[in-house]
Amino acid sequence: MTDLDDGSDDGSDDGSGELRLPDAPDRRPDGSPPRCLVTGATGYIGGRLVPALLDSGHRVRALARTPRKLRDYPWADRVEVVRGDVTDAASLAEAMRDVDVAYYLVHALGSGADFEETDRRAARTFGEQARAAGVRRIVYLGGLTPAGVPERSLSPHLRSRAEVGHILLDSGVPTAVLRAAIVIGSGSASFEMLRYLTERLPLMITPSWVRTRIQPVAVRDVVRYLVGCAALPDEVNRAFDIGGPDVMTYRDMMQRYARVAGLRRRLILPVPVLTPTLSSRWVGLVTPVPSSIARPLTESLRHEVVCREHDIKEYVPDPPDGAIGFDRALRLALKRIQEARVDTRWSNASVPGAPSDPLPTDPDWAGGSLYRDERELAVPVGPEALWRVIEGIGGENGWYSFPLAWAVRGWLDRLVGGVGLRRGRRDAQRLRVGDSLDFWRVEEIVPGELLRLRAEMRLPGLAWLELSVRRDERGRTVYGQRALFHPRGLPGHAYWWSVWPFHSVVFGGMARNITEAAAAEEKQRGPVADSGTDN
């Protein structure tokens with residue numbers, strides 16, 4: 001399953017320094033605070049919900065398929081992390097033991113043509129295990145559906161979200177289904193799509209859905225509602241529409257973004273001929289959001305998505321100054337981006353279908369062929385300078401070799417539905433396990449020593465890239481670089497040998513340029529007491 005991708009948090013504060021959370025939860029009869037199970041904790045919403053629950057006085061247990069992805073989160077030492085998957089009844093049964101509130105923040109979108117069946121089965125399993133464990137409440141964040149449109153006529157994305165809500169409501173466990181349209185926050189897929197379309201295209205020929213009315217909601221309000229739902233009375237078992245105070249068209253959203261960002265007014269020309277497929281490819285071409293994610297977002301905009309009620313305020317009251325408006329949500333998100341404080345992004349969740357196997361044990365791995373390209377260079381700098389360059393790789397800094405080759409590889413990946421190079425980085429200077437890095441994902445990081453990346457581009461096999469720092473027996477700083485490829489069938493072998501002639505240019509150039517960049521950085525910073533080199 002994939003962590004929920006409705007959006008991401010743009011920070012934990014509201015401009016005054018504090019996220020306005022509901023009052024502290026009622027304690028259990030034994031005096032202990034309630035325990036919440038959060039699925040999708042490595043994702044956009046889940047990654048912000050966890051610290052908000054902690055700050056509001058709850059205990060948190062995080063369910064993750066790969067627990068080490070949570071290792072570097074600032075709140076990791078405050079939660080209980082358990083390995084599991086919502087499709088695995090046994091792991092759910094263990095995870096839900098002694099849980100009061102269970103948050104369902106995952107979906108199977110993009111996992112294949114049968115993703116709706118996977119979502120259906122997972123939701124049933126989750127509800128059954130929650131009931132068996134005596135969980136007091138389930139909270140689910142779904143999608144806002146249009147009024148008067150039969151669910152069978154909705155996009156597969158929205159239809160599945162709606163069905164999951166129905167299954168959980170019928171599970172026998174009191175459930176709150178929060179239904180949101182577009183979530184606005186730095187790093188959310190919806191915000192990134194809006195941002196890049198508006199900033200890059202002063203003149204746009206757009207699909208007809210830019211005229212569709214939408215009610216966006218700030219992610220901070222989403223997190224506030226999610227936290228508040230943990231204290232709902234036991235008799236509440238229903239769906240709630242959640243949205244911000246503004247209702248507008250997507251065209252209005254682009255013009256208002258331009259104004260808030262200090263851009264000129266955009267010229268927008270809607271045309272009726274762009275199909276969802278063409279729209280998603282157009283979005284994928286212009287923005288970092290790949291077409292596989294853009295398509296469900298654009299399909300969801302075919303119908304008007306406006307809240308029909310605001311009953312949630314009876315249980316989770318709005319702040320004295322009301323919910324966050326669209327323009328303010330934009331300013332908060334842009335401020336986070338400018339300050340490089342984007343804690344979670346839409347790309348935090350693993351790309352559906354991307355390889356998730358860890359690096360095979362080497363050299364005694366018995367999984368078949370494992371091609372390698374290995375290089376080492378002694379560097380006349382200290383390890384710290386070299387590590388700073390390594391940890392800063394990708395994104396705006398690029399890959400230190402043959403930029404055209406990397407760009408072409410990124411474009412080819414986008415053409416076949418991959419993520420391409422545009423995901424960039426969450427943080428310009430620091431990486432953590434699970435971060436996306438262009439078309440790679442950080443699989444392991446040992447500060448000052450090792451960065452291991454796993455490829456998420458479309459490949460006929462599995463690929464990794466390792467960059468390392470060590471000292472040799474003479475005390476010199478040594479840069480290590482290792483590319484590994486495990487081919488899948490004959491196409492995989494053919495792929496490796498077809499690109500092998502370019503390795504000396506791409507990988508050789510990378511090794512030289514990274515070490516030269518480290519030397520230049522150390523020279524700019526000034527000499528250090530002991531560079532660890534031996535001339």
Side-chain angles (χ1 to χ4, degrees), residues 3-4 6-9 11-14 17-64 67 69-71 73-84 86 92-106 126-127 129-131 133-141 168 173-178 219-237 240 242 312 315-319 343-344:
D3 300 330
L4 190 66
D6 293 76
S8 165
D9 190 62
S12 301
D13 60 89
D14 64 359
E18 297 293 336
L19 176 65
R20 295 175 178 177
L21 297 172
D23 294 336
D26 294 333
R27 290 183 171 263
R28 290 172 162 185
D30 64 2
S32 63
R35 175 179 283 115
C36 298
L37 174 69
V38 178
T39 63
T42 59
Y44 326 114
I45 297 292
R48 300 320 315 162
L49 174 62
V50 169
L53 286 169
L54 292 169
D55 291 345
S56 66
H58 294 83
R59 291 178 293 172
V60 176
R61 178 181 293 160
L63 180 76
K69 285 187 178 180
L70 294 173
R71 185 188 70 193
Y73 279 69
W75 40 260
D77 59 350
R78 301 168 60 197
V79 305
E80 178 189 359
V81 179
V82 296
R83 184 187 303 275
V86 292
L92 276 180
E94 180 64 22
M96 288 188 176
R97 188 155 42 91
D98 198 34
V99 162
D100 300 287
V101 182
Y103 286 90
Y104 193 82
L105 302 176
V106 295
F126 193 85
Q129 295 305 315
R131 185 175 64 252
V135 171
R136 183 177 58 78
R137 170 160 301 282
I138 293 173
V139 183
Y140 167 59
L141 178 60
L168 296 176
V173 178
T175 296
V177 174
L178 301 183
V219 72
R220 303 183 186 201
D221 283 327
V222 174
V223 171
R224 179 172 57 82
Y225 290 135
L226 286 168
V227 173
C229 281
L232 289 176
D234 292 345
E235 65 270 16
V236 175
N237 184 64
F240 295 94
I242 59 172
I312 189 68
Y315 304 98
V316 187
D318 288 335
D343 294 330
T344 57

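Predicted model only: the values in this text are computed from it and were never measured.
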Check: Are any of the side-chain heavy atoms of D234 and R136 separated by less than 4.5 Å?
Finding: yes
Checklist line | Partner set under side chain to side chain contact (heavy atoms under 4.5 Å, CB included) for A231, not counting sequence neighbours | finding: none
Margin query: Using every non-hydrogen atom in the two residues, find where P233 and Y315 come nearest and quote the distance to one decimal.
Written below: CD-CD2, 3.9 Å
Notebook entry, point to check: Which residues satisfy the side chain to side chain contact (heavy atoms under 4.5 Å, CB included) test with R131, sequence neighbours excluded?
Noted result: E128, V173
Next item on the list: Output, in order, the C-alpha distance, side-chain angles, deciding distance and verdict of side-chain contact (heavy atoms from CB on, under 4.5 Å) for I312 and C229.
Entry: CA-CA 9 Å; I312 189 68; C229 281; 4.1 Å; yes
Check: What heavy-atom pair brings V227 and S56 nearest, and what distance separates the two atoms?
Finding: CG1-OG, 3.7 Å
Margin query: Please determine whether a side-chain nitrogen of the Lys or Arg among R61 and D100 lies less than 4.0 Å from a carboxylate oxygen of the Asp or Glu.
Written below: no
Checklist line | side-chain hydrogen bond (donor to acceptor under 3.5 Å, both in side chains) partners for N237, two or more places apart | finding: none
Notebook entry, point to check: Is a donor on one side and an acceptor on the other found under 3.5 Å between the side chain of Y104 and the backbone of L168?
Noted result: no
Checklist line | Exam field: side chain R35 to backbone H58, donor-acceptor pair closer than 3.5 Å | finding: no
Note to self: Among residues at least two apart in sequence or on other chains, which ones pass salt bridge (charged side-chain N to carboxylate O under 4.0 Å, His left out) with D318?
What the structure shows: R224
Next item on the list: Not counting sequence neighbours, which residues clear salt bridge (charged side-chain N to carboxylate O under 4.0 Å, His left out) with D77? List them please.
Entry: none
Checklist line | Within-4.5 Å side-chain heavy-atom neighbours: L178 and L226 | finding: yes
Note to self: Run L63 and L92 through side-chain contact (heavy atoms from CB on, under 4.5 Å) and show every step you take.
What the structure shows: CA-CA 9 Å; L63 180 76; L92 276 180; 3.9 Å; yes
Item checked: Main-chain N/O of L105 paired to T39 side chain as donor or acceptor, under 3.5 Å -> yes
Next item on the list: Side-chain contact test, heavy atoms from C-beta onward, threshold under 4.5 Å: evaluate it for P51 versus Y73 and give yes or no.
Entry: no
Check: Given T42 and L70, is the side-chain contact (heavy atoms from CB on, under 4.5 Å) satisfied, shown in steps?
Finding: CA-CA 6 Å; T42 59; L70 294 173; 3.3 Å; yes
Check: So do the side chains of Y225 and F240 get within less than 4.5 Å of each other, counting heavy atoms only?
Finding: no
Next item on the list: Would you mind reporting whether V38 and V79 have side-chain heavy atoms less than 4.5 Å apart?
Entry: no
Notebook entry, point to check: Can you list the residues that meet the side-chain hydrogen bond (donor to acceptor under 3.5 Å, both in side chains) rule with R97, with sequence neighbours excluded?
Noted result: E94
Check: side chain to side chain contact (heavy atoms under 4.5 Å, CB included) with P74: which residues, sequence neighbours excluded?
Finding: R432
Note to self: Looking at every non-hydrogen atom in both residues, tell me the closest pair between A41 and V50 and how far apart they are.
What the structure shows: CB-CG2, 4.1 Å
Checklist line | R78 CZ to D55 CG distance, which is reported to the nearest 0.5 Å | finding: 5.5 Å
Item checked: Partners passing side chain to side chain contact (heavy atoms under 4.5 Å, CB included) against P174 (at least two apart in sequence or in another chain) -> R137
Next item on the list: Evaluate the side-chain contact (heavy atoms from CB on, under 4.5 Å) criterion for residues I45 and Y103: first the C-alpha distance (whole Å), next the side-chain angles of each, then the deciding distance (0.1 Å), finally the verdict.
Entry: CA-CA 11 Å; I45 297 292; Y103 286 90; over 6 Å; no
Margin query: I need the minimum non-hydrogen distance between A102 and M96, along with the two atoms involved.
Written below: CB-CE, 4.4 Å
Next item on the list: Check salt bridge (charged side-chain N to carboxylate O under 4.0 Å, His left out) between R83 and all other residues, then give those that pass, not counting sequence neighbours.
Entry: none
Margin query: Under the rule for salt bridge (charged side-chain N to carboxylate O under 4.0 Å, His left out), what residues qualify as partners of R59, not counting sequence neighbours?
Written below: none
